[in-house]
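Chain naming here is simple, since letters A, B, ... match the order of the sequence lines and numbering starts at 1 in each. Only heavy atoms go into these numbers, but all of them, side chains included; no hydrogens, no water, no symmetry mates.
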Number of protein chains: 2
Amino acid sequence: MGHLLCQVMNLDDDAVFRALADPTRRRLLDLLFMRNGQSLGELKEEFEMSRFGVMKHLKVLVEADLVTTRRSGRATLHFLNPVPIRLVHDRWIDKYTEPRVAALTDLKASLERHEEQSS
Amino acid sequence: MGHLLCQVMNLDDDAVFRALADPTRRRLLDLLFMRNGQSLGELKEEFEMSRFGVMKHLKVLVEADLVTTRRSGRATLHFLNPVPIRLVHDRWIDKYTEPRVAALTDLKASLERHEEQSS
DNA sequence: TTGACATGTGACTAATGGGTCACCTATTGT
DNA sequence: ACAATAGGTGACCCATTAGTCACATGTCAA
């Protein structure tokens, strides 16, 4: 399929999973999940690491299609792409068990919210 | 929360993602997704690797709570636990964007099914 | 155009993780 | 008890990767 979809749909599984394996990269995704479209300069402030380290991690995320970029002047803005994440989900959770698993994780989230309030 | 839920609910993020980073371990999850409750002996037949290699990978999956075990005689049976996978999903896909992303990945799966038929 | 700023590249070192093997434990059947 | 089978442990070697730095490119504003 040589469509537009290919730009959004990741094909290389291995790149995605290796990208997610590092805590720094997961934190980068968290930061973009909170506020999309941040530049390298903004993102690097959140880490102890050198600028080069953060840049290297961003490159891995981009090559895995977990993050897309758009240049704006001298800054490069970064955007989170949720599609590869969903494909991970679909690989091991079929449509029939999904509602039950979702109910469990929702319950967990609910319990953790109550814990926050009471502490 | 010191409940039964804790046995099903993974807590250590890092272990899950590092476990998923290896293609052999993902294949092991695929095999258990197809037929749950297989022993090491059965699983190792699917790989070129030595028994020790496969065992090491299974251990990583168990420590990440992606796989649970139950002894049955001299065999140890392995079961896929989908909960940590769902938690990965929930981390970066909020409830509002989920339907749209799911629609996209369903479309992708549908297109790939048609490709299989016509080839 | 010049200086300041933001991002990008290639090489290098230290640490992590995959794979194997010699050796050990536990269970089954005869 | 004994042999055969299934699973488990620790140390080891090799490949990969995280992190850093010197250096290079591209952009804005005066």
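OP1 or OP2 of dT17(D) has not a single side-chain nitrogen or oxygen of His57(A) nearer than 4.0 Å. Taking 4.0 angstrom as the limit, Thr76(A) places a side-chain polar atom (N or O) nearer than this to OP1 or OP2 of dG8(C). Contact annotation: Ser50(A) reaches the phosphate of dT20(D) (side-chain N/O to OP1 or OP2, under 4.0 Å). Ser39(A) has no side-chain polar atom (N or O) that falls below the 4.0 Å cut-off from OP1 or OP2 of dA6(C).
Here dT27(C) presents its P atom at 11 Å from CZ of Arg74(B), a figure rounded to the nearest Å. Distance Leu20(A) CG to dT17(D) P: 15 Å, rounded to the nearest Å. Distance, Lys56(B) NZ to dC14(D) P: 15 Å, rounded to whole Å. Here dG26(D) presents its C1' atom at 14 Å from CG of Leu40(A), a figure rounded to the nearest Å. For Arg25(A) and dA18(D), the CZ to P distance is 5 Å, given to the nearest whole Å. We find that CG of Asp22(A) is positioned 13 Å from C1' of dG17(C), with the value rounded to whole Å. Distance Asp14(B) CG to dT16(C) P: 12 Å, rounded to the nearest Å. In this structure, CZ of Arg18(B) is placed 5 Å from P of dG17(C), rounded to the nearest angstrom.
Inter-residue side-chain proximity for Ile93(B) and His89(A) is flagged as unmet; no heavy-atom pair is nearer than 4.5 Å.
Salt-bridge formation is detected for the pair Arg86(A)/Glu98(A): a Lys NZ or Arg NE/NH1/NH2 atom is positioned less than 4.0 Å from an Asp or Glu carboxylate oxygen.
Heavy atoms from other residues, nucleotides or ligands lying under 6.0 Å from CZ of Arg100(B) number 12 at most.
The minimum heavy-atom distance between His78(A) and Leu32(A), with the atom names listed, is O-CD2, 3.5 Å.
Judged by distance alone, with hydrogens and angles left aside, Arg51(A) brings a side-chain donor or acceptor within reach of the base of dG8(C), the pair sitting under 3.5 Å.
Residue contacts for Gly53(B): at a heavy-atom cut-off of 4.0 Å it reaches a base atom on one of the strands shown. At the heavy-atom level, Met49(A) lies under 4.0 Å from the strands shown only through sugar-phosphate atoms.
Each of Phe52(B) and Val60(B) was matched to the nucleotide of DNA chain C holding its nearest heavy atom; the match closer to the 5' end belongs to Val60(B).
In terms of modelled atom types and a separation under 3.5 Å, the side chain of Arg70(B) and the main chain of Gly37(B) share no donor-acceptor contact.
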